[in-house]
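All values below come from the heavy atoms of this structure, side chains included, with hydrogens, waters and symmetry mates left out. Remember, it's a predicted structure, so these values are computed and weren't measured experimentally.
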Amino acid sequence: QLIKDIFTCKHKNPRAAYISPLYSQSKRVAWDYVKEFSSAIPGVIFNEAELRADYPGGGRLQLFGADNYHSLRGAYWDAVCLDEYAQFSPAAWTQVIRPALSDRKGKCYMIGTPMGHNQFYDRYVDAESLPGWSTALYRASESGVVDPEELAAAKREMSDAEYEQEFECSW
């Protein structure tokens with residue numbers, strides 16, 4: 001979605017960011033996908049050292065970690081994805097990421113495992129009633145992404161709370 005957001009953005013030199021709790025996690029989880037989904041775009045340039053894809057026309061997608069969120073100050077974004085948002089410091093959103101979206105009215109996707117009542121839970125509850133926000137919840141038992149036999153095996157090996165959190169999106 002971030003790549004699509006770059007190419008549909010009305011601003012000059014659009015910027016998108018994928019941010020996970022740790023920089024190394026962003027690289028491990030998303031960098032291969034960025035390259036795979038962008039490789040067919042003529043003129044794209046990958047910067048391995050900066051985990052950045054530069055697109056024709058000035059657009060850019062870059063991966064970051066929220067473990068050093070103060071280093072993100074001064075950026076602007078047209079779209080961001082906050083993956084495993086429950087593990088972020090709440091100040092990352094309020095002090096750095098949200099302000100970086102403001103001047104361009106950027107989009108934000110907050111995704112991840114619930115992990116109890118935390119800032120992710122608060123944003124989820126707020127989003128149900130805030131204009132311009134929306135929510136979605138995808139349970140493994142309903143989505144068909146994980147084989148039912150694998151779900152049964154996981155359920156046998158995990159506590160009820162662990163299983164419900166990891167597979168059924170229980171807050």
Side-chain angles (χ1 to χ4, degrees), residues 1-35 37-38 47 49-55 58-140 143 145 161-162 164-171:
Q1 183 61 48
L2 291 174
I3 298 166
K4 183 178 178 182
D5 289 338
I6 288 170
F7 284 97
T8 58
C9 184
K10 296 175 184 160
H11 297 290
K12 184 178 179 181
N13 298 323
R15 297 292 183 260
Y18 171 89
I19 307 170
S20 71
L22 304 170
Y23 181 75
S24 61
Q25 185 178 13
S26 288
K27 181 177 184 179
R28 187 176 57 257
V29 170
W31 184 235
D32 287 341
Y33 287 122
V34 170
K35 293 188 294 186
F37 296 134
S38 300
N47 183 321
E50 294 188 18
L51 301 182
R52 190 179 82 211
D54 293 322
Y55 300 100
R60 177 178 292 165
L61 170 58
Q62 191 164 359
L63 278 56
F64 299 99
D67 49 335
N68 187 14
Y69 67 88
H70 289 293
S71 70
L72 304 175
R73 290 182 182 280
Y76 70 85
W77 291 308
D78 298 285
V80 297
C81 176
L82 309 181
D83 194 358
E84 296 297 352
Y85 179 62
Q87 297 177 35
F88 283 41
S89 165
W93 171 250
T94 57
Q95 295 179 14
V96 179
I97 299 166
R98 179 67 177 90
L101 291 164
S102 291
D103 62 332
R104 293 168 73 109
K105 296 185 178 179
K107 300 176 182 179
C108 180
Y109 309 96
M110 294 178 178
I111 63 175
T113 307
M115 300 184 76
H117 289 207
N118 50 46
Q119 72 275 5
F120 189 22
Y121 174 79
D122 294 341
R123 294 283 80 76
Y124 183 84
V125 170
D126 290 347
E128 294 179 317
S129 62
L130 288 173
W133 287 70
S134 62
T135 63
L137 195 136
Y138 302 102
R139 292 180 175 90
S143 68
V145 172
E162 289 170 331
E164 289 298 316
Q165 173 183 283
E166 295 297 321
F167 290 101
E168 300 302 322
C169 301
S170 174
W171 298 102

Do the non-hydrogen side-chain atoms of Gln95 and Pro99 ever get within less than 4.5 Å of each other?
no

I need the minimum non-hydrogen distance between Ala30 and Tyr18, along with the two atoms involved.
CB-CE2, 3.5 Å

Separation between CG of Leu82 and CZ of Phe64, rounded to the nearest 0.5 Å:
12.0 Å

Ala66 versus Ile19, closest heavy-atom pair with distance
N-CG2, 3.7 Å

OH-CE distance between Tyr85 and Met115, expressed to the nearest 0.5 angstrom
14.0 Å

Starting at CD of Gln62, measure out to CH2 of Trp31 and round the result to the nearest 0.5 Å.
8.5 Å

Got a sec, which pairs hit side-chain hydrogen bond (donor to acceptor under 3.5 Å, both in side chains) with one end in residues 3-17, sequence neighbours left out?
Gln1-Asp5, Asp5-Lys107, Asp5-Tyr109

Heavy atoms of other groups near Phe7 CZ, more than 12 under 6.0 Å
yes

Sort out for me which residue in Asp32, Leu51, Leu22 forms a side chain to side chain contact (heavy atoms under 4.5 Å, CB included) with Lys27.
Leu51

Are Trp77 and Leu72 close enough, and set up right, to give a side chain to side chain contact (heavy atoms under 4.5 Å, CB included), and what steps lead you there?
CA-CA 11 Å; Trp77 291 308; Leu72 304 175; 3.9 Å; yes

To the closest 0.5 Å, what do you measure between CZ (Phe120) and CH2 (Trp171)?
4.5 Å

Will you find, in the side chains of Ser38 and Tyr55, an N or O donor that is under 3.5 Å from an N or O acceptor?
yes

If a pair satisfies side-chain hydrogen bond (donor to acceptor under 3.5 Å, both in side chains) and one of its residues is in residues 117-127, list it, with sequence neighbours excluded.
Arg123-Asp126

Output for pair (Arg60 CZ, Leu2 CG), nearest 0.5 Å, gives 15.0 Å

Between Ser20 and Val29, is any pair of side-chain heavy atoms under 4.5 Å apart?
no

Just verifying a value: how many Å separate Asp83 CG and Phe88 CZ, rounded to the nearest 0.5 Å?
7.5 Å

What closest approach, in Å, do Pro114 and Ala86 show between heavy atoms, and which atom pair accounts for it?
O-CB, 3.4 Å

